[in-house]
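Values reported hereafter were calculated over all heavy atoms of this structure, with side chains retained and with hydrogens, waters and symmetry mates removed. Quick caveat: nothing in here was measured; it's all calculated off a predicted structure.
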Amino acid sequence: MERTRFQKILEIVASITGVVALFITAIGYPQIGFVVALFASILYATYGYLTKQYGIMVSSLIYGVVEVVGIIRWVFLGDNHG
(Lines give C-alpha, C1' and ligand atoms only; values in the text may rest on other atoms or scores of the structure.)
Protein backbone atom coordinates (compact mmCIF):
# COMPACT_ATOMS: atom_id res chain seq x y z
CA MET A 1 0.00 0.00 0.00
CA GLU A 2 1.37 3.38 -0.98
CA ARG A 3 1.43 5.89 1.86
CA THR A 4 0.38 9.48 1.38
CA ARG A 5 2.77 12.36 1.99
CA PHE A 6 0.89 13.17 5.21
CA GLN A 7 1.29 9.59 6.46
CA LYS A 8 5.03 9.65 5.75
CA ILE A 9 5.42 12.94 7.61
CA LEU A 10 3.30 11.65 10.49
CA GLU A 11 5.55 8.59 10.79
CA ILE A 12 8.68 10.75 10.90
CA VAL A 13 7.22 13.18 13.43
CA ALA A 14 6.03 10.31 15.66
CA SER A 15 9.47 8.70 15.54
CA ILE A 16 11.29 11.91 16.36
CA THR A 17 8.84 12.67 19.17
CA GLY A 18 9.37 9.19 20.65
CA VAL A 19 13.16 9.55 20.58
CA VAL A 20 12.96 13.01 22.15
CA ALA A 21 10.73 11.58 24.90
CA LEU A 22 13.30 8.86 25.63
CA PHE A 23 16.09 11.42 25.73
CA ILE A 24 14.16 13.73 28.06
CA THR A 25 13.45 10.82 30.40
CA ALA A 26 17.06 9.61 30.25
CA ILE A 27 18.53 12.97 31.22
CA GLY A 28 16.43 13.03 34.37
CA TYR A 29 13.07 14.60 33.58
CA PRO A 30 10.66 11.66 33.55
CA GLN A 31 7.68 13.88 34.31
CA ILE A 32 8.10 15.67 30.99
CA GLY A 33 9.36 12.58 29.17
CA PHE A 34 6.22 10.57 29.93
CA VAL A 35 3.98 13.37 28.66
CA VAL A 36 5.97 13.69 25.43
CA ALA A 37 5.95 9.89 25.05
CA LEU A 38 2.16 9.87 25.46
CA PHE A 39 1.92 12.39 22.63
CA ALA A 40 4.19 10.16 20.50
CA SER A 41 1.94 7.18 21.22
CA ILE A 42 -1.09 9.16 20.08
CA LEU A 43 0.73 10.03 16.86
CA TYR A 44 1.72 6.39 16.30
CA ALA A 45 -1.83 5.18 16.98
CA THR A 46 -3.12 7.71 14.45
CA TYR A 47 -0.53 6.55 11.94
CA GLY A 48 -1.48 2.91 12.51
CA TYR A 49 -5.14 3.70 11.98
CA LEU A 50 -4.57 5.75 8.83
CA THR A 51 -2.34 3.11 7.26
CA LYS A 52 -4.55 0.21 8.41
CA GLN A 53 -1.67 -1.21 10.46
CA TYR A 54 -3.80 -2.14 13.42
CA GLY A 55 -0.96 -3.90 15.24
CA ILE A 56 0.90 -0.58 15.46
CA MET A 57 -2.29 1.12 16.60
CA VAL A 58 -2.97 -1.41 19.36
CA SER A 59 0.62 -1.49 20.62
CA SER A 60 0.66 2.33 20.68
CA LEU A 61 -2.48 2.33 22.78
CA ILE A 62 -0.88 -0.16 25.19
CA TYR A 63 2.23 2.02 25.43
CA GLY A 64 -0.08 4.96 26.06
CA VAL A 65 -1.55 3.17 29.08
CA VAL A 66 1.97 2.58 30.42
CA GLU A 67 2.78 6.25 29.92
CA VAL A 68 -0.38 7.34 31.74
CA VAL A 69 0.67 5.14 34.67
CA GLY A 70 4.11 6.79 34.55
CA ILE A 71 2.55 10.24 34.52
CA ILE A 72 0.36 9.36 37.52
CA ARG A 73 3.30 7.92 39.46
CA TRP A 74 5.87 10.61 38.66
CA VAL A 75 3.72 13.73 38.44
CA PHE A 76 0.81 13.18 40.78
CA LEU A 77 2.24 10.74 43.33
CA GLY A 78 5.80 12.08 43.29
CA ASP A 79 7.37 8.63 42.91
CA ASN A 80 10.95 9.64 42.20
CA HIS A 81 12.66 6.34 43.03
CA GLY A 82 11.03 3.75 40.73
For F23, check side-chain contact (heavy atoms from CB on, under 4.5 Å) against everything at least two apart and list the hits. I27
On a heavy-atom basis, which atom in Q7 and which in T51 lie closest, and how many Å separate them? CD-CG2, 3.8 Å
Can you name the salt bridge (charged side-chain N to carboxylate O under 4.0 Å, His left out) partners of E11, sequence neighbours left out? R3
For V58, side-chain contact (heavy atoms from CB on, under 4.5 Å) partners two or more places apart: I62
The criterion is side-chain contact (heavy atoms from CB on, under 4.5 Å); which residues satisfy it with V13, sequence neighbours excluded? I9, T17, L43
side-chain hydrogen bond (donor to acceptor under 3.5 Å, both in side chains) involving T46 - partner list, sequence neighbours excluded: none
Say you draw a straight line from CH2 of W74 to OG1 of T25; how long is it, rounded to the nearest 0.5 Å? 9.0 Å
Separation between OG (S41) and OH (Y47), nearest 0.5 Å, reads 15.5 Å
Verify the cluster assignment for L38 and L77: are they in a single hydrophobic cluster under the rule of side-chain heavy atoms below 4.5 Å apart? yes
V20: partners by side-chain contact (heavy atoms from CB on, under 4.5 Å), with sequence neighbours left out: I16, I24
Less than 4.5 Å apart, side chain to side chain, heavy atoms only: is that true for Y44 and S59? no
Hydrophobic cluster membership, F76 vs F34, 4.5 Å side-chain cutoff: yes
Same apolar cluster: L61 and V36, side chain cutoff 4.5 Å: no
Hphob cluster co-occupancy, M57 + F39, side-chain heavy atoms under 4.5 angstrom: yes
For V75 against Q31, the heavy-atom pair lying closest together: CG2-CB, 3.8 Å
Where do A37 and A21 come nearest, in terms of heavy atoms and distance? N-CB, 3.4 Å
Are I56 and Y49 connected in the hydrophobic side-chain network, where two residues link if heavy atoms are under 4.5 Å apart? yes
So does Y54 have more than 12 non-hydrogen atoms from other groups sitting under 6.0 Å from OH? yes
For residues A14 and A40, report the shortest heavy-atom separation together with the two atoms involved. O-CB, 4.0 Å
